[in-house]
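The structure appears right after this line, and notes come after that.
So that the names make sense, note that chain A is the first sequence line, chain B the second, and so on, each numbered from 1.
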Protein chains: 2
Amino acid sequence: MKSIIEILKENDIAPSMQRIKILEYLQSYKTHPTADMIYQALADEMPTLSKTTVYNTLKTFTEKGVLMALSLFGNEVRYEYNTEPHIHFKCTKCDKIYDLDKSFDHYNDDLIDGHKITEHHVNLRGICKICLRKVGD
Amino acid sequence: MKSIIEILKENDIAPSMQRIKILEYLQSYKTHPTADMIYQALADEMPTLSKTTVYNTLKTFTEKGVLMALSLFGNEVRYEYNTEPHIHFKCTKCDKIYDLDKSFDHYNDDLIDGHKITEHHVNLRGICKICLRKVGD
DNA sequence: TACTTCTTTGTAACGATTACAACTTTGGAA
DNA sequence: TTCCAAAGTTGTAATCGTTACAAAGAAGTA
């Protein structure tokens with residue numbers, strides 16, 4: 001298991017304290033947080049942390065391929081540590097986001113109608129199993 | 001071919017002039033516009049049109065299932081007239097959005113891991129064929 | 001040590017969207 | 001036909017997510 005610092009160095013990113021903490025957070029809490037959620041979570045521990053730093057860091061990480069930026073039904077960007085491809089499901093009742101393992105056809109690095117495909121996102125919406133139970137009450 | 005007014009009435013939406021024009025626009029120009037793009041396009045013809053009306057109308061249409069709201073790699077919502085399911089491809093160079101007919105597995109009205117699926121979006125990114133040609137220059 | 005570069009920070013600005021209250025239109029009921 | 005309530009529209013202000021920018025700080029190196 002690679003350390004956070006190793007991951008950063010491998011991607012040509014200097015391992016500053018802020019960057020380590022932000023990546024650490026995304027590695028530990030796989031909640032697809034927004035920039036603001038990350039900022040709020042780390043603000044206690046790092047009182048001088050700036051929201052701009054969070055945005056800058058997320059931009060850097062995304063450009064270097066460490067993170068994936070997600071657009072999941074709304075006008076806010078969510079981030080996740082870049083791992084195996086998977087599907088996202090967002091509940092319309094509680095807004096919770098679930099990762100689904102369900103495999104899907106790969107269009108990555110493929111040509112469709114002459115377009116070169118480099119990213120492939122499958123986003124589902126509906127009512128999650130917890131909210132389904134509540135509806136039944 | 002149903003008229004705009006018929007479509008609105010079928011969905012329990014009173015056919016006001018503003019609503020007719022907005023739906024007409026989305027039916028004619030399948031460019032996945034943002035609320036602002038629709039407002040800009042109609043502002044000449046309807047000088048008193050308010051941007052709030054555009055937002056209200058798009059919200060109503062989406063709730064009634066007349067339109068589909070799309071989150072395609074960015075923090076703005078795009079709208080399209082709700083037709084046959086298809087895939088969206090957005091070019092990273094020119095930001096143009098393409099509809100692709102390519103069929104895909106349907107999870108709609110299905111259960112996955114106990115979650116009830118009601119919407120299913122496939123979003124691709126990459127370089128479109130026009131930009132690919134330019135890169136070659 | 002001095003210099004350059006990278007990183008972080010805070011503030012202000014921006015764009016998309018929503019809240020809200022006033023005004024207008026519409027469709028009955030009296 | 002007139003009056004009223006409900007629905008629809010409008011403009012302004014506020015909010016939220018994000019970016020621009022310039023100054024301050026930290027790190028590496030000649």
Quiz item: Rounded to whole angstroms, how far apart are NZ on A:Lys59 and C1' on C:dT9?
Solution: 17 Å
Quiz item: B:Phe73 has an atom CZ; how far is it from atom P of D:dT18, in whole Å?
Solution: 16 Å
Quiz prompt | 5' precedence on DNA chain C between A:Gln18 and B:Asn75 (nearest-nucleotide basis) | solution = A:Gln18
Quiz item: Angle class for the A:His121/B:Phe73 ring planes (parallel below 30°, perpendicular above 60°, tilted otherwise)?
Solution: perpendicular
Quiz item: Under 4.0 Å between a side-chain N or O of B:Tyr55 and OP1 or OP2 of C:dT17?
Solution: yes
Self-check item: Base D:dA7 to side chain B:Ser16, donor-acceptor N/O within 3.5 Å cut-off
Solution: no
Quiz item: Could you give the CD-to-P distance, from A:Glu76 to D:dT15, as a whole number of Å?
Solution: 18 Å
Practice problem: Mind calculating the distance between NZ (B:Lys21) and C1' (D:dT9) to the nearest angstrom? | Solution: 17 Å
Quiz item: Base, sugar-phosphate, or nothing: which does A:Asp36 touch, judged by heavy atoms less than 4.0 Å apart?
Solution: nothing
Quiz prompt | Salt-bridge criterion met for A:Lys30 and A:Glu80 (N-O under 4.0 Å) | solution = no
Quiz item: Is the NZ or CZ atom of B:Lys64 both under 6.0 Å from the centre of the six-membered ring of B:Phe61 and within 45° of that ring's axis?
Solution: no
Self-check item: Rounded distance (Å) that lies between atom P of C:dT8 and atom CG of A:Leu42
Solution: 13 Å
Quiz prompt | 5'-most by nearest nucleotide on DNA chain D - B:Met46 or A:Val77 | solution = B:Met46
Self-check item: Separation of atom CG in B:Leu8 from atom C1' in D:dA7, rounded to whole Å
Solution: 15 Å
Quiz item: Once you round it to whole Å, what is the distance between P of C:dT25 and CZ of B:Arg19?
Solution: 15 Å
Quiz item: Does D:dG11 have OP1 or OP2 sitting under 4.0 Å from an N or O in the side chain of B:Thr52?
Solution: no
Practice problem: For A:Lys51 and for B:Asn56, find the nucleotide of DNA chain D with the closest heavy atom, then tell me which residue's nucleotide is more 5'. | Solution: B:Asn56
Practice problem: Please tell me which of the listed nucleotides, D:dA20, D:dT18, D:dG8, lies nearest to the side chain of A:Ala35? | Solution: D:dT18
Practice problem: Rounded off to whole Å, could you give me the CZ-to-C1' distance for the B:Arg78 and C:dG15 pair? | Solution: 14 Å
Self-check item: CA sep, side-chain torsions, deciding dist, call: B:Asp99, B:His32, side-chain hydrogen bond (donor to acceptor under 3.5 Å, both in side chains)
Solution: CA-CA 10 Å; B:Asp99 284 341; B:His32 317 83; 2.8 Å; yes
Quiz item: Quick one: does B:His88's side chain have a donor or acceptor within less than 3.5 Å of a partner on B:His86's backbone?
Solution: no
Exercise. Using a 4.0 Å heavy-atom cut-off across all strands, classify A:Thr48 as base, sugar-phosphate, or nothing.
Key: sugar-phosphate
